[in-house]
Amino acid sequence: MNPRRRQAPFLARLPKIVLLVALVFAPACKPRLTPEQRALRTEARQALQAQSYARAAELGRQVVDFLPRENDAWEDLVEAQLGAGDLSAAAQSLGAWKAAIPQDSARRWESTGDLALAEVDSARALASWNKALDRRPHRVLQKLAQLHHVEKRWSQEEETLTRLLALDDAAANRVRRALVRRRLHRWPEALEDLRRARELEPQAEEVQKATALFERVGKFLSAIQDLTARLAITPGDDQLLTDRALLFLRSGDPEMALADSEAAGKLATWAMRPRLFGGLALIELGRAGEAEAAGIKGQTHLDALTPEFLETISRLDAEMSVERNNPELYVTRAWQLNDISQPALALQDAEAAVRFDANSAGAHAEMSYALAKLGRRDEAFEHIKKATELDANFSTAWQYRGELEMARDDCDAAVESLSRALAINQTPIALQKREECYIKLGQFEKAQADRRALEALR
């Protein structure tokens, strides 16, 4: 047989084979770019790295025009649009991406998850990222761990970081797992992670910060672990949770203090210590605005609270857990809070006392004091008047009424109120204030008499 005749069928099929190979490998063959296109793509990536997202998005749209079948070009565009906060444009780009490259890819699933996260749809973000996990494990595990952290799913974050460490035993990952294990109160394992991080990269900033934190907590760790063991037996004990929050505040760990305060506050809505400690933790975390919204003044710090105050507030919280509607307990706590310059919290307690007993002179007096501190002086005056009407022998109320009348430039009324207070109980402040009133009224002999009485009293 003629060899040339045997080759003929193969030669006849050769153009079809070449065409098939070209079709199969065409997507993998990158188009040849012009120098201008290469420069444009380089500029787009540099803008993205510099977090100049608006510029990166503008350039990225031009890049996908000449590279419509490259997943990484679409991924860069979507990342830039998400960075610029243009979620609508990112969604449109994902649709165009799928139209240009119908075959699913890990890049597109990851970007889909990123968009879902930006749209506050964590379930869809998790589902999308999990589809990209096998192909891009390191990147996706980082994002999964961060999402679990934001949503305070500590066990899931710890599990995800363990998987990440199996791929990359880096100091930063060790620190992250140490911190989340502290959230889970798994202290020996947390300390072991920190030890390993210090071996890997002792000079890293995150390692040094974590080391300082654990050293501070270490001074209180025995007491913290004791409370943790007791909470394992009675997990619904708000007092134990609040005691532990106080220890974390003292150890300089406001994150853990805030977590315990929030948990205690949910269990005991009437209690003041969880609210106060939670506010102090927010201030330490640089979230003073949130503390102010919760009624805690932004300049308050733990060292301003005396042991006597902390003991009294703890006792009052415990008593209120039994007598939730006792107005006197709320009045007493309002006085304590006014005394440490927390008028917003004091006002809430005084209002609660009035709800339980509308004729409580003490409640109206504390309301007056708090309202004045909050700049609501007209309301304050009405409540102090009410207090003196309800209890004519309430010397403190008469004295404060006189001070508010002085602030209203009504010295005649102030003299009368201060005289009522002094007739019940002579105090240096009342004598001093009445002396000031007499001087303003030109009654100098009476002012001199108060001055002599004040010196004698002192």
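- Ionic pairing of Arg108 and Glu75 is not present here: no N-O contact between side-chain nitrogen and carboxylate oxygen is shorter than 4.0 angstrom.
- Heavy-atom contacts from other residues, nucleotides or ligands closer than 6.0 Å to CD of Gln299 number more than 12.
- Taking the six-membered ring where the residue is Trp, the centroids of His148 and Trp154 are separated by 6.0 Å or more.
- Heavy atoms of other residues, nucleotides or ligands lying less than 6.0 angstrom from CZ of Arg198 number 12 at most.
- Within the structure, the side-chain hydrogen bond (donor to acceptor under 3.5 Å, both in side chains) test picks out the following pairs touching residues 84-94 (sequence neighbours left out): Gln81-Ser93.
- Figure legend: Arg250 and Phe220 shown without cation-pi pairing, the cationic atom not lying both under 6.0 angstrom from the six-membered ring centre and within 45 degrees of its axis.
- Between the side chain of Thr234 and the backbone N or O of Arg230 there is at least one donor-acceptor pair closer than 3.5 Å.
- In terms of modelled atom types and a separation under 3.5 Å, the side chain of Thr34 and the main chain of Gln37 share a donor-acceptor contact.
- No more than 12 heavy-atom neighbours from other residues, nucleotides or ligands sit within 6.0 angstrom of CZ on Arg135.
- Side chain of Thr300 to backbone of Lys297: a donor-acceptor contact under 3.5 angstrom is found.
- Partners of Arg376 according to the side chain to side chain donor-acceptor pair (under 3.5 Å) rule, which considers only residues two or more places apart in sequence or in another chain, are Glu379.
- Among residues two or more places apart in sequence or in another chain, the side chain to side chain donor-acceptor pair (under 3.5 Å) test is passed with Arg196 by Asp169, Glu199.
- Between Trp187 and Phe214, the ring planes are perpendicular. Angles over 60° get that label, and only those under 30° would be called parallel.
- Rounded to the nearest 0.5 angstrom, Ser251 OG and Ile224 CD1 are separated by 5.0 Å.
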